[in-house]
Amino acid sequence: MTRRSAARRCARRLGALIVLPSLAIAATVTLDDLHSEIDAGHFEAAASQAADYLEAHPGDRDARFLHARALAGRGEIQAAIDAYEDLATDYPLRPEPANNLAVLHAERGELETARDWLEKALATQPAYATAHRNLGDVYTALAELAYRNALDSDAVDSKTPLTLLDRFYYAQESVAPGQTEAPAPVRRPVTGDTSEPDPAAPADDDRSILQSVRAWAIAWSNQDFAAYTDFYAEDFDPGDDLSRAQWLSVRKARLARPDDIHIHIDAPQIERIAEDRVRVSFTQRYQSPRYSDRTRKRLLLTRTDGGWRILRETTVDEGR
């Protein structure tokens, strides 16, 4: 062995001794560790551990969210906003990044931007309790600000403290713990004549139902398996003698294909079966590079704590 090759081998061993400890540290960090540090308010430790975790698991969705949360906790607001915006772009059907962006903009006094982000969150998850509460607080602050401006009063602090989410939640956790019903839709502040009655509750229900169906179609089109399956109830019956677990396995394999999928919902109609159960019928147009079709679809939906979820999905003959 020449002196040069021996020196190179020594250098490689030395490099390994330098790199391996950091990788070993990253390997020992878990998402539970990150949650614990966030819950305890140890944002410096959480940010450092999240960076280590992402080094070992590049692009992990939950770790990215927790890293952004830690950045916000230690006061790096712009960095946190940038991180949440990236998540909102990558996962447009998840309400948590949009909610937290609203919180950070509200802390800056940017109430209209906060309102816009909360409305985006609720467009995909209409029953998300935290976003509803935050949006109500933003509307109240905007109304108070407009009132003071109309009176030419002294400037008021427009910062509004809102609820910042510490993690991703899923369909069964969309409503705050302890809350048994989905919150009523938040309405914008009303000015002028308020003598007209509020719209009937079924109209609000219809809007929420259709939003859920269209968000389900968007999740399918985006091939976002987690978001797509969030729209199915725990007791969803896939039919064809399949268990829910078998159905999930089949759907995961199909959604993983690299085809460019587009699902269109045309002329949806709602049929009320019970107070907490509806049937939605519509024409579904499926388009991909390999295949396209047009079918008549029916979804049986039930109201859950997380919003409207699918109990049964069937394709019917056009003539029926």
Side-chain angles (χ1 to χ4, degrees), residues 22-23 25-125 128-135 137-138 158-171 173-174 176 215 218-219 222-227 230:
S22 65
L23 292 178
I25 292 172
T28 63
V29 176
T30 67
L31 289 175
D32 286 340
D33 293 331
L34 301 183
H35 286 309
S36 296
E37 297 291 1
I38 292 288
D39 291 342
H42 301 156
F43 299 116
E44 289 286 347
S48 176
Q49 289 183 9
D52 289 339
Y53 189 94
L54 285 168
E55 183 178 350
H57 307 84
D60 183 272
R61 182 183 71 172
D62 292 273
R64 288 170 61 193
F65 187 86
L66 289 166
H67 187 237
R69 176 66 183 93
L71 292 174
R74 68 183 190 184
E76 297 182 39
I77 303 303
Q78 188 55 54
I81 286 175
D82 292 341
Y84 283 132
E85 285 182 347
D86 288 342
L87 281 164
T89 298
D90 293 343
Y91 302 98
L93 298 179
R94 297 307 312 176
E96 297 89 348
N99 178 84
N100 284 11
L101 280 164
V103 174
L104 298 181
H105 283 290
E107 288 181 357
R108 286 180 165 184
E110 300 162 357
L111 296 177
E112 292 184 354
T113 302
R115 178 199 61 202
D116 292 343
W117 277 112
L118 288 167
E119 289 179 345
K120 287 179 182 179
L122 290 170
T124 57
Q125 293 282 354
Y128 210 93
T130 301
H132 272 280
R133 287 195 298 269
N134 284 341
L135 187 56
D137 290 341
V138 167
S158 58
K159 293 182 180 179
T160 303
L162 304 177
T163 302
L164 198 65
L165 295 171
D166 289 336
R167 64 200 68 200
F168 274 103
Y169 296 90
Y170 297 92
E173 299 170 312
S174 291
I218 292 171
N222 289 345
Q223 297 171 275
D224 185 336
F225 180 75
D230 272 354

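What you see is a predicted model; the values in this text were computed from it and never measured. Position 1 is the first residue of the sequence; numbering continues from there.
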Should Asp90 and Arg61 be marked as a salt bridge (charged side-chain N to carboxylate O under 4.0 Å, His left out) after you check the CA-CA gap, both sets of side-chain angles, and the distance that decides it?
CA-CA 9 Å; Asp90 293 343; Arg61 182 183 71 172; over 6 Å; no
Taking all non-hydrogen atoms of both residues, which atom of [X] and which atom of [Y] are closest, and how far apart?
X: Leu34; Y: Ala50; result: CD2-N, 3.5 Å
X: Ala121; Y: Ala98; result: CB-CB, 3.9 Å
X: Ala131; Y: Asn99; result: CA-OD1, 3.7 Å
X: Ala88; Y: Trp117; result: CB-CZ3, 4.0 Å
X: Ala102; Y: Leu162; result: O-CD1, 4.1 Å
X: Val138; Y: Ala114; result: CG2-CB, 4.3 Å

Is it true that a side-chain atom of [X] and a backbone atom of [Y] form a donor plus acceptor pair closer than 3.5 Å?
X: Asn134; Y: Thr163; answer: yes
X: His67; Y: Ala63; answer: no
X: Asn222; Y: Tyr91; answer: no

Evaluation steps, side chain to side chain donor-acceptor pair (under 3.5 Å), between Asn100 and Glu96:
CA-CA 6 Å; Asn100 284 11; Glu96 297 89 348; over 6 Å; no
Interatomic distance, [X] atom [atom1] to [Y] atom [atom2] [nearest 0.5 angstrom]:
X: Asp116; Y: Leu135; atom1: CG; atom2: CG; result: 10.0 Å
X: Ser48; Y: Glu37; atom1: OG; atom2: CD; result: 9.5 Å
X: Arg64; Y: Leu54; atom1: CZ; atom2: CG; result: 8.5 Å
X: Phe65; Y: Leu165; atom1: CZ; atom2: CG; result: 5.5 Å
X: Asp82; Y: Leu87; atom1: CG; atom2: CG; result: 11.5 Å
X: Asp33; Y: Leu31; atom1: CG; atom2: CG; result: 8.5 Å

Lys120 vs Leu101, side-chain contact (heavy atoms from CB on, under 4.5 Å): CA-CA, chis, key distance, verdict
CA-CA 11 Å; Lys120 287 179 182 179; Leu101 280 164; over 6 Å; no
So do His105 and Ile81 actually touch side chain to side chain, heavy atoms under 4.5 Å?
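Yes, side chains in contact.
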Over 12 foreign heavy atoms within 6.0 Å of CD, Gln78
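Counting neighbours around CD of Gln78, more than 12 heavy atoms of other residues, nucleotides or ligands fall under 6.0 Å, so yes.
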If you measure from the Lys or Arg side-chain nitrogens to the Asp or Glu carboxylate oxygens, is any gap between Asp224 and Arg94 under 4.0 Å?
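Salt bridge: no.
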Evaluate Thr89 against Asp86 for side chain to side chain donor-acceptor pair (under 3.5 Å), listing each step before the verdict.
CA-CA 5 Å; Thr89 298; Asp86 288 342; 5.5 Å; no
